[in-house]
Amino acid sequence: MSDPFDLSDADEPDFAIAPAPRAGGIAARALAGAAGAPRYLEGLNAEQREAVEAMDGPVLVLAGAGTGKTRVLTTRIAHIIATGRARPHQILAVTFTNKASREMKERIGALIGPGAEGMPWLGTFHSIGAKILRRHAELVGLQSTFTILDTDDQIRLLKQVLQAEDVDDKRWPARALAHQIDNWKNRGLDPTRVPPGEAGAFANGKGGKLYEMYQARLKTLNAVDFGDLLLESLRLMREHPDVLTQFQERLRYILVDEYQDTNTVQYLWLRLLAQGRRNVCCVGDDDQSIYGWRGAEVDNILRFDKDFPGAKVIRLERNYRSTGHILAAAAHLISHNGGRLGKTLFTDGEDGEMPTVTGIWDSEEEARTIGEDIEQLQRKGANLDEVAILVRASFQMREFEERFITLGVPYRVIGGPRFYERAEIRDALAYLRCIAQPADDLAFERIFNTPKRGLGDATLQCLHNYARSARIPLMQAARVIVETEELKPKARGSLRALVTDFARWSSLVENTRHSELAETILEESGYTDMWRNDRSADAAGRLENLKELVRSMEEFPDLGGFLEHISLVMDVDSREGGAHVSIMTLHAAKGLEFETVYLPGWEEGLFPHQRSLDENGRAGLEEERRLAYVGVTRAKRRAKIYFATNRRIHGMWQTTIPSRFLDELPADHVEVVEAATGVSYGGYAQSRFANQDSYTSTYSTPGWQRAQQRRSEQGASGGWSKGPQAAQSTQAWSGRKAPAVIEGELVAKSSAASAFEPGARVFHIKFGNGTVASVDGNKLTVEFDKAGRKMVLDSFVQAHGA
DNA sequence: CCGCCATCCCTTTTT
DNA sequence: GGGATGGCGG
């Protein structure tokens, strides 16, 4: 593990790698292949090999799903090292996630031996940004011990800023400002560069000022947020050409994973570094760009050869993951997107099973059907680790979890709450932060009355006032104030105790192992006792987590290294405990693969998600389609798609229509399956794909609306949608905004009171007959004869006998 | 200072 | 429907 506080000059050779020059172990071993071709090149196909061996100048590798992207990246690094073009510490390799960089590190290790340990510049954008920043912190007004704030701290800080500016944080929530600032940072805009129009958009023209104040506060706290790791390191390199040159010279080769996901700062940052030697190799797939909503610019990859003239573009299209039918289905689906760089995956493998599409009655039946299907796989001896359910939105997960619990199918939800986001972990870390970085007011505030020590708002206010006027951190202010008459005796006493505790703990730093110190602090502060005395059910688990935290500290050389790891790298990847079905979002599934993939919820409004369409129109639709593509291409052997006719959304049952993406699948590579569980409801199976070829991919601007309309026209003549009751998903999902689409015609939705009155007899497609109990606008509470009391939208019931 | 109730929102999410 | 949050009352 590299030490973030190691500020030694990196020009010194860093040698985890064997001291014997490269002629030694690595190169010799690597070059030991038969005909002089290094062994690590064996087994690469022609394109992969070209991508590995194209050494000089910019290279763009367009690597489709499952075409060996990581292999190319890692082999390329091995090749650079083996041919002596650069040493491990002269290669910059950036990824987006820790998982990706860990995997890359491991695989390089497997290729070239332990030399990969000596790759200090392999990591996420953020961790490398942090590293650059720590080395030259003073040039941007920080100390090298700066704290990295997470989203939570960021929001608390923004709340203070909003308060200071007297902004109504009801009307202008801190969260929204945090988003806005992130958005600016993603686009490489520091406060001076924000376009005036945008700066004025928040809080009646205060947006820009608030941003500026926030940045100033960060500096006094000696802290940065995630966005700053890139934006500030970019500024650093821009404003200090000597530093930039140093990095450009040192980092001889640059490799970038998932280039389609880079946002503007990342792009600018890379371009700056790459301008030196222009030995930059970006790997990505425009068809898998699914992070537009958090600032990723597909344009970066589409524009690569303009940014780097003379770039070599290599396409990897041979897929090693999926069977023929799956690839054909995915390819046809994605072909409906415009503006692609264009790749068509192929395989020499077998056609395999066709992906299936199954329509079922509602989301409960969806969970039941999939659950049974999995049990059947299990009986046939399938490995549950090779089974995944990929959903569009996390609320879909619950139904599966519940089902799996009753069935006793072991499952794991990927992307749940993280270890370090738990309150007890954050509290413990706050104590440590107070020691490591005395200017960290946010940490101080967090623990100042945790556990309860009778210090309230009044005391904090007083501390703040003093700290602000004296321009000192809260901790220091506290030290001064306890010597005065400012506070009531009781508060003064508690605060004094806290201050002296901290003084004692700080004096221990030098001579105590940091894990031991942490234990002492948690004990002596009363923090662990607080949980011991807690009667609630999860208290024991929290104590367990604290122990785990202390244990994990032992892996780090010092407190600083540990805190860096926690804020940038730490995730809980508990793989133990036998085989599990994975449940995760489509986003989380990128980069993974499974034998069998279940894709539930392919309905208009959910997938493609209405909000995506509303907010980003055609671009939004295309990103959704890429998400569908990512989903299908996760499957090695079996892809099973489902759509439900009814789904509960915000607690109310809504009728939905099948996703347009279903119509975009190729009829001769997809099998339509009738749901096992009875309920016959219409002839979609026979008329399916009837309109397959009537699809034209030319949407005019409010594209999705037109498409929506066309869909309903299609519906009338077959296609996926069925009876007239099926058409209201647009309304269901977008709430008030969009007009309701009723089979073939647009009907203005009246927000006026419902036509129904209490006591009226009504019929609902899912619940049957019932009596209206009460009316609230267009929401009805109905006492159904069979199904009991439910809340439904009035447009989903018919007057009885009508 | 704590705990209860009204209110609001509800896609995706890494670092 | 449900969870998070914030205000208010004890």
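For the numbers below, each heavy atom of this structure counts, side chains included, while hydrogens, waters and symmetry mates do not. Per chain, numbering begins at 1; letters A, B, ... match sequence-line order. Not measured: the values here are computed from a predicted model.
Residue A:Asn98 has no polar side-chain atom (N or O) positioned under 4.0 Å from OP1 or OP2 of B:dT14. Contact between the side-chain N/O atoms of A:Lys590 and the OP1/OP2 oxygens of B:dT13 is not found at any separation under 4.0 Å. Checking the phosphate oxygens (OP1, OP2) of B:dT14, no side-chain nitrogen or oxygen of A:Asn263 falls inside 4.0 Å.
Between the side chain of A:Gln288 and the backbone N or O of A:Arg626, no donor-acceptor pair lies under 3.5 Å.
For the pair A:Leu599 and A:Phe607, the minimum side-chain heavy-atom distance is 4.5 Å or more. No side-chain heavy atom of A:His650 sits less than 4.5 Å from a side-chain heavy atom of A:Phe395. A 4.5 Å side-chain heavy-atom check between A:Glu366 and A:Phe400 finds at least one atom pair inside the cut-off.
Across residues 150-167 of chain A, A:Thr151 each have a non-hydrogen atom less than 4.0 Å from an atom of DNA chain B (numbered order).
Distance A:Glu564 CD to B:dT15 C1': 12 Å, rounded to the nearest Å. With rounding to whole Å, A:Tyr420 atom OH is found 13 Å from B:dT13 atom P. One can place CG of A:Asp261 at 12 Å from P of B:dT14, the figure rounded to the nearest angstrom. A:Leu231 has its CG atom 21 Å from the P atom of B:dT14, to the nearest Å. Atom P of nucleotide B:dT13 and atom CD1 of A:Ile414 are separated by 12 Å, given to the nearest angstrom. Between the CD atom of A:Glu364 and the C1' atom of C:dG1 there is a distance of 13 Å, given to the nearest Å. Atom CD of A:Glu258 is separated from atom P of B:dT15 by 12 Å (rounded to the nearest Å). With rounding to whole Å, A:His126 atom NE2 is found 11 Å from B:dT14 atom P.
Among the protein residues, A:Leu390 comes within range of no part of the nucleic acid, since none of its heavy atoms lies under 4.0 Å from any strand. Within 4.0 Å (heavy atoms only), A:Asp182 reaches no atom of the nucleic acid at all. When heavy atoms are screened at a 4.0 angstrom cut-off, A:Gly227 is found touching no nucleic acid atom at all. Nucleic acid contact for A:Arg626: none, since no nucleic acid atom lies under 4.0 Å from a heavy atom of the residue. Within 4.0 Å of A:Ser394, counting heavy atoms only, lie sugar-phosphate atoms of the nucleic acid but no base atom.
In summary, A:Arg102 and A:Glu106 do not engage in a salt bridge, as defined by a charged side-chain N under 4.0 Å from a carboxylate O. The pair A:Arg433-A:Asp153 meets the salt-bridge criterion, since a charged nitrogen lies less than 4.0 angstrom from a carboxylate oxygen.
Cation-pi contact between A:Arg134 and A:Phe146: present, with separation from the ring centre below 6.0 Å and deviation from the ring axis of at most 45°.
Side chain of A:Ala588, nearest nucleotide from B:dT13, B:dT12, B:dT14: B:dT13. Taking every side-chain heavy atom of A:Phe226 into account, B:dT15 is the closest of B:dT12, B:dT15, B:dC1. Of the candidate nucleotides B:dT15, B:dC1, C:dG2, C:dG2 has the atom nearest to the side chain of A:Arg398. Set against B:dT13, B:dC1, B:dT14, the side chain of A:His587 has B:dT13 as its closest nucleotide.
The base of B:dT12 sits with one of its N or O atoms less than 3.5 Å from a complementary donor or acceptor on the side chain of A:Arg392.
An aromatic stack links A:His650 and the base of B:dC10, using centre distance under 5.5 Å and interplanar angle under 30°. A distance cut-off of 5.5 Å between ring centres, combined with a plane angle under 30°, places A:Trp293 in a stacking arrangement with the base of B:dT12.
Summary of the strand contacts: A:Leu455 and A:His179 both lie near DNA chain B, and taking for each the nucleotide with the nearest heavy atom, the more 5' one is attributed to A:Leu455. Residue order along DNA chain B, read from the 5' end via each residue's closest nucleotide, puts A:Gly454 first among A:Gly454 and A:Leu627.
The aromatic rings of A:His565 and A:Phe556 sit tilted relative to each other, their planes meeting at an angle between 30° and 60°.
Rounded to the nearest 0.5 Å, atoms CD (A:Gln654) and CD1 (A:Ile649) are 4.5 Å apart.
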